[in-house]
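Contents: one structure, followed by commentary.
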Amino acid sequence: MFTPKKTSTPAPPPPAAAELSVVQATALAAEFASLRAPGACPRGMYVVPSPDSLRVWHGVLFVHRGPYAGSVLRFTLIFPPSFPGHAPTVRFDTDVFHPLIDPKTHVWSLPSQPAWHPDRHVAHLLHALKASFKTPGLDAVGEDEAANRQVWSLYRHSPQTFLSLTAQRAMHSTTRAALFGEPLLPAGKVGSGAGAPGTPGTPGTQKTRVDEGRDEVIRFSPITDPDGLWDAARRSLGA
């Protein structure tokens, strides 16, 4: 019996790249350019389009105040073909302990206020995202719109437990494993990322790697010359 020889066929391009029209590409480029205006992009937040598609943007949020102070959170913006008719999806790269973030998909739910409509821009969405990590934003979340009702219940009924857990998550988000994607060491070995027992990169951890093979657009680099960094900052400020 004759069996045709199997031939490998190239994988189809990702939908984000295949479905991007010239009109939408222009609109997304204009949206990204508009973030350069003063006050458009929230302070402590940085975004950059993916080199593979304008419909995917990578971002990072540095939280300075509120219950999540000290957190460094990576996220991805995914624009649907119907944008700006529909809002982009905000998906965090890791599990984030937040009432508006689904614990399984890591997708952030846009609060009912302000609601999305075609006249709104990415800047509005980014400001709403940052505001949701502050106390007034958390207070405004109702149980019916919470994507993680367990976290919502802790915030409402056990605030001290909630604050303790968010503080622990904030510390973890700044470990070398979380920032640089370094491999986690086997139990009994100590590396440059040593810290508190039981945290990534320290004795007592037996996992092998964090997000192995992840090709990050926004990369963190360890500071090897802090004095030189401060000198450069002073010179840029004319000090």
### Message
With rounding to the nearest 0.5 angstrom, report the NE2 to CG distance, H121 to L35.
### Response
10.5 Å
### Residues, nucleotides or ligands: over 12 heavy atoms within 6.0 Å of H86 NE2
no
### Residue pairs passing the salt bridge (charged side-chain N to carboxylate O under 4.0 Å, His left out) test where at least one lies in residues 78-90, sequence neighbours excluded
none
### Task
Mind running side-chain contact (heavy atoms from CB on, under 4.5 Å) on V122 and F32 for me, showing each step along the way?
CA-CA 8 Å; V122 175; F32 183 72; over 6 Å; no
### Message
Let's go through L73 and V60 carefully: what are the C-alpha distance in whole Å and the side-chain angles of both, what is the deciding distance for side-chain contact (heavy atoms from CB on, under 4.5 Å) to 0.1 Å, and is it a yes or a no?
### Response
CA-CA 5 Å; L73 307 173; V60 61; over 6 Å; no
### Message
Determine whether L77 and V90 satisfy the following criterion, side-chain contact (heavy atoms from CB on, under 4.5 Å), listing intermediate values before the conclusion.
### Response
CA-CA 5 Å; L77 284 171; V90 180; 3.4 Å; yes
### Task
With sequence neighbours excluded, give me every side chain to side chain donor-acceptor pair (under 3.5 Å) pair touching residues 128-140.
W108-S132, D139-Y155
### Task
Compare all side-chain heavy atoms of I78 with those of P88 and state whether any distance is below 4.5 angstrom.
no
### Message
Using every non-hydrogen atom in the two residues, find where S173 and V72 come nearest and quote the distance to one decimal.
### Response
OG-N, 3.0 Å
## Note on the structure
Heavy-atom closest pair (P99 atom, V141 atom, distance to 0.1 Å) is CB-CG1, 4.5 Å
### Task
Would you check if the side chain of R74 reaches a backbone N or O of D93 as a donor-acceptor pair within less than 3.5 Å?
no
### Task
To the nearest 0.5 angstrom, please state how far the CG atom of D95 sits from the NZ atom of K104.
12.0 Å
#### Entry: Within 6.0 Å of CZ in R91, more than 12 heavy atoms from elsewhere
no
### Query
Atom CG in L138, atom CZ in R156: separation rounded to 0.5 Å?
9.0 Å
### Query
What distance do R149 atom CZ and L154 atom CG have between them, rounded to the nearest 0.5 Å?
14.5 Å
### Task
For H127 and H124, indicate whether the former's side chain and the latter's backbone hold a donor-acceptor pair under 3.5 Å.
no
### Message
Tell me whether the rings of W116 and F83 are parallel (<30°), tilted (30 to 60°) or perpendicular (>60°).
### Response
tilted
### Task
Could you tell me which non-hydrogen atom of A25 sits nearest to which non-hydrogen atom of L54, and how far apart they are?
O-CD1, 3.7 Å
### Task
For H64, enumerate each residue passing the side-chain hydrogen bond (donor to acceptor under 3.5 Å, both in side chains) test, keeping only those at least two apart in sequence or located in another chain.
none
### Message
According to a hydrophobic-cluster definition based on side-chain heavy atoms being under 4.5 Å apart (Ile, Leu, Val, Met, Phe, Trp, Tyr only), do V107 and M45 belong together?
### Response
no
### Task
Check for a donor-acceptor pair, side chain of S153 on one end and backbone N or O of Q150 on the other, with a separation under 3.5 Å.
no
### Message
Using 0.5 Å steps for rounding, measure from the CG atom of N148 to the CZ atom of F97.
### Response
7.0 Å
### Task
Report the relative orientation of the aromatic rings in F133 and H98; use parallel for angles under 30°, tilted for 30 to 60°, perpendicular for over 60°.
tilted
### Side-chain donor or acceptor of S21 paired with backbone N/O of Q24 under 3.5 Å
yes
### Close side-chain approach of H106 to V96, heavy-atom, < 4.5 Å
no
### Task
Show the numbers, then the answer: is there a side-chain contact (heavy atoms from CB on, under 4.5 Å) between T161 and L165?
CA-CA 6 Å; T161 302; L165 291 172; 4.1 Å; yes
#### Entry: Over all atoms of both residues, closest heavy-atom pair of A69 and A170
O-CB, 3.7 Å
### Query
Is there a donor-acceptor pair closer than 3.5 Å between any side-chain N or O of T166 and the backbone N or O of F162?
yes
### Summary
Taken to the nearest 0.5 Å, the spacing of F79 CZ from W57 CH2 works out to 4.0 Å
### Query
Got a donor-acceptor contact below 3.5 angstrom from the E145 side chain to the L100 backbone?
no
### Query
Would a line drawn from the ring center of H58 to the ring center of F75 be shorter than 6.0 Å?
no
